[in-house]
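Reviewing the structure listed below.
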Amino acid sequence: MNDEMRRNMPLFPIGTVTKLTDLTPRQVRYYEQQGLIQPERTNGNQRLFSFNDVERLFEIKSLIEKGINLAGVKEMLQKNHQILEANKEVEKAQAEVVKVKQELSERELRRLLKRDLLHPKLGRTSEVYGEFSRFFRN
DNA sequence: CTTCTAACA
DNA sequence: TGTTAGAA
C-alpha cells in the first residue's frame with residue numbers, strides 16, 4: 001500500500017510531461033478536461049502529474065495512434081478499470097477460500113489429536129497434549 | 001521563462 | 001488539434 005502512494009504522488013509539471021510523452025500541452029489539458037486524467041494542482045493552480053498520470057497518458061497516446069477517438073479511449077480506460085476492480089474481488093474470494101481450507105485443516109488436526117488422546121498408542125500422550133493444547137480450548 | 005484559461009484570421 | 005493573447 002506504499003508503492004501505490006508513490007505512483008500517485010504529484011511530482012512533475014506539464015512541461016516535463018509533454019517532453020516525456022511527446023504530447024502537446026493542449027492535448028494533455030484537453031484529456032484532463034475529458035476526465036481521462038486527474039492531475040493535482042499547486043497553490044498557484046499549476047498542474048502536477050503523478051507517475052500514474054504519465055502512464056495513463058502513454059496509454060491514451062498509444063490508443064489515439066491506433067486510430068481510436070477520445071470517446072473510444074475513454075470507454076476502454078473505464079472498462080479496463082472495471083476489469084481491475086473485478087480482479088480485486090476475485091482475489092478476495094480466493095483468499096477467503098484459502099482461509100476456509102486452513103480452518104478445515106485445523107478442525108481435522110484437532111479431531112485426529114483428540115482421537116489419539118482417547119486411544120493412545122504411544123507412551124508420550126501427555127507430551128503431545130502439551131504441544132498441541134491450543135487445539136483444545138473449546 | 002513556464003503555465004493557465006479562453007477563444008478563434 | 002493548433003495557435004494566440006493576456007495574466008499569474
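Numbers restart at 1 for each chain; the letters A, B, ... are given by sequence-line order, proteins then strands. Predicted model only: the values in this text are computed from it and were never measured.
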Handout entry: Main-chain N/O of A:K101 paired to A:S105 side chain as donor or acceptor, under 3.5 Å
Key = yes

Practice task
Specify the residue among A:I14 and A:R26 whose closest nucleotide of DNA chain B lies further upstream toward the 5′ end.
Solution key: A:I14

Exercise for the section: Look at the side chain of A:N80 and the backbone N and O of A:L77, then say whether any donor-acceptor pair between them is shorter than 3.5 Å. Expected result: no

Problem - Any A:L11 side-chain heavy atom under 4.5 Å of A:F51 side chain - result: yes

Practice task
Step through the shown structure and confirm whether more than 12 heavy atoms of other residues, nucleotides or ligands are within 6.0 Å of CD on A:E103.
Solution key: yes

Exercise for the section: For A:P13, answer base if it contacts any base atom (sugar-phosphate contacts may also be present), sugar-phosphate if it contacts only those atoms, and nothing otherwise; contact means non-hydrogen atoms under 4.0 Å. Expected result: sugar-phosphate

Fill in the blank from the handout: Expected list for residues 32-67 of chain A near DNA chain B, using heavy atoms below 4.0 Å, is A:R41, A:N45, A:Q46, A:R47

Fill in the blank from the handout: Its dot-bracket string being built from Watson-Crick and G-U pairs below 3.5 Å, with | for another strand and [ ] for crossing, DNA chain C has the pattern .|||||||

Problem - Flag side-chain contact, heavy atom, 4.5 Å: A:I37 against A:V28 - result: yes

Practice task
Considering just the side-chain nitrogens and oxygens of A:Y30, establish if one lies under 4.0 Å of OP1 or OP2 belonging to C:dT3.
Solution key: no

Exercise for the section: Examine distances only and state if a side-chain atom of A:K74 and a backbone atom of A:Q34 form a donor-acceptor pair shorter than 3.5 Å. Expected result: yes

Exercise for the section: Compare all side-chain heavy atoms of A:K61 with those of A:Q27 and state whether any distance is below 4.5 angstrom. Expected result: no

Completion exercise
When rounded to whole Å, the CG to C1' distance for the pair A:D22 and C:dT1 reads 16 Å

Handout entry: A:T24 side-chain N/O to C:dT1 phosphate OP1/OP2 under 4.0 Å
Key = no

Handout entry: Under 3.5 Å donor-acceptor, A:T42 side chain and A:Q46 backbone
Key = yes

